[in-house]
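In what follows, a structure is listed as structure tokens, so that the remarks can point back to it.
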Amino acid sequence: MKKLILVLPVLIVVLMSGCTTQDAAQIMEDSLNKIDKLDSYKISYDYTLSMDPVMEMDGDLTIYRKGDLMRSDMEIPIMMGITMNTVTYYLTEGTFACIQAMDEYLCVLGDEQSVPFSDPESMIEATGNMVEKGILRMEFKGISSVAGRNCYNISFDMDITKLNSITLEEMEMLGIATDSVSDFKNIKEFIINECYDTETGVSLSTSMSMVSDLGDDPEMSEMGISTVSTMISMKATSFTPNAVIDDSMFVLPSEPMSMEELENMLLEDMETGV
């Protein structure tokens, strides 16, 4: 089974007509415009990743945004209270993933990715196409309070069976990175909920639920697992708009290497250890 990489938080902007739907569309458009006007911000989340009945983990995620630069710090629990820290940098030179190994960080040049929300026009166009083709339905769910701030709740329900009518580029604009639409063939349900800060438009809460039928996966079948329910949730614990962020926050902690160089290094380590 191919893995789907979901880049979190997902911002979806939809332009369409209707009563409650129109309210949701306007909120999304306004939120995108507000984020674009922010000089900087820092936001921390508690996150949970659950793949029932396979695994569950939770940790902390902090995002720093300053102009066209962005940094995401994530704490990943390993076992027995041990955690691994990863930092993703979105810089003008490219995207870099840095993983803490002992007392130092190992940085790898990743696929070229722009900072989320940096291309609002393409995002609006891609989402509009999904709405027109009946792939995406959205609804305004009222106002909530997260991290002491008010936010607009919006739900997004995706019809997976119609995804073959859009391009991979349009999927990426919506925060869904995949090599083929066939990756979705076993997914039976895909729902996203967002809560956008009423003042700045930044997402204070995100949740994604996905149900996958794994009946044809031999490894899962051997374990007696035919269906996996995946839930990803992020809820802000603190948010500082227009935060003072020093440029040093966007300096890589070590000289980056390519993925090929990393693989060769790991292979040499394995051979040395044998």
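As the structure is a computational prediction, the values presented were derived from the model and not from experiment.
- The minimum heavy-atom distance linking S40 with K66 is given by the pair CB-CA, 4.0 Å.
- Between L61 and M234, some side-chain heavy-atom pair lies under the 4.5 Å cut-off.
- Cluster annotation: I76 is connected to L49 through the hydrophobic network of ILVMFWY side chains, with a link wherever side-chain heavy atoms come within less than 4.5 Å.
- Summarising the geometry, atom CG belonging to N150 is positioned 9.0 Å from atom OG belonging to S144; distances are rounded to the nearest 0.5 Å.
- Cluster membership check: M84 shares its hydrophobic cluster with Y47, using side-chain heavy-atom separations under 4.5 Å among Ile, Leu, Val, Met, Phe, Trp and Tyr.
- With respect to M74, the side-chain contact (heavy atoms from CB on, under 4.5 Å) criterion is satisfied by exactly one of T62, N85, T86: T86.
- Note that CE of M249 is 15.0 Å distant from CZ of R65, once rounded to the nearest 0.5 Å.
- Salt-bridge check for D159 with K133: failed, with every basic side-chain N at 4.0 Å or more from each acidic carboxylate O.
- By the neighbour-count criterion of 12 heavy atoms within 6.0 Å, atom NZ of K34 is densely surrounded, having more than that number from other residues, nucleotides or ligands.
- The NZ atom of K235 sits 12.5 Å away from atom OG1 of T206, with the distance rounded to the nearest 0.5 Å.
- Taking CG from D58 and CD from E75, the interatomic distance works out to 9.0 Å, rounded to the nearest 0.5 Å.
- Nearest approach of A24 to E139, heavy atoms of both residues: CB-C, 4.2 Å.
- Rounded to the nearest 0.5 angstrom, I154 CD1 and E194 CD are separated by 9.5 Å.
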List the steps, then state whether side-chain contact (heavy atoms from CB on, under 4.5 Å) holds for L252 with C98. CA-CA 8 Å; L252 295 179; C98 300; 4.2 Å; yes
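- V202 has its side chain within reach of L38: a pair of non-hydrogen atoms, C-beta onward, lies under 4.5 Å apart.
- Interatomic distance, T237 OG1 to D60 CG, rounded to the nearest 0.5 Å: 7.0 Å.
- Atom NZ of K42 has 12 or fewer heavy atoms from other residues, nucleotides or ligands within 6.0 Å.
- Using modelled atom types, no side-chain atom of S50 and backbone atom of T230 make a donor-acceptor pair closer than 3.5 Å.
- Contact of the I27 side chain with the F140 side chain is registered, since non-hydrogen atoms from C-beta on lie closer than 4.5 Å.
- Contact detail for Y196 and G201: the closest heavy-atom pair is CD2-O, 3.4 Å.
- Of all heavy-atom pairs spanning M257 and L106, the tightest one is CE-CD1, 3.5 Å.
- Annotation: side chain of F96 is not in contact with side chain of T88 (no heavy-atom distance under 4.5 Å).
- M28 and I191 are members of different hydrophobic clusters when ILVMFWY side chains are connected at heavy-atom separations under 4.5 Å.
- For R137, the CZ atom counts as loosely surrounded, since its 6.0 Å shell holds 12 or fewer non-hydrogen atoms of other residues, nucleotides or ligands.
- Closest approach of V146 to A236, counting heavy atoms only: CG1-O, 3.7 Å.
- Of all heavy-atom pairs between D39 and N242, the closest is N-OD1, 3.4 Å.
- Geometric assessment of R71 against the ring of F250 yields a negative cation-pi assignment under the 6.0 Å and 45° thresholds.
- A 4.5 Å side-chain heavy-atom check between Y45 and I63 finds at least one atom pair inside the cut-off.
- Residues T48 and I232 are not in side-chain contact: their nearest non-hydrogen atoms beyond the backbone lie 4.5 Å or more apart.
- Under 4.0 Å is where a charged nitrogen must lie from a carboxylate oxygen, and between D197 and R149 at least one such pair does.
- Counting only heavy atoms from C-beta outward, the side chains of I99 and Y105 never approach each other to under 4.5 Å.
- For the pair D157 and L136, the minimum side-chain heavy-atom distance is 4.5 Å or more.
- Side-chain atoms of Y89 do not come within 3.5 Å of backbone N or O of G94 as any donor-acceptor pair.
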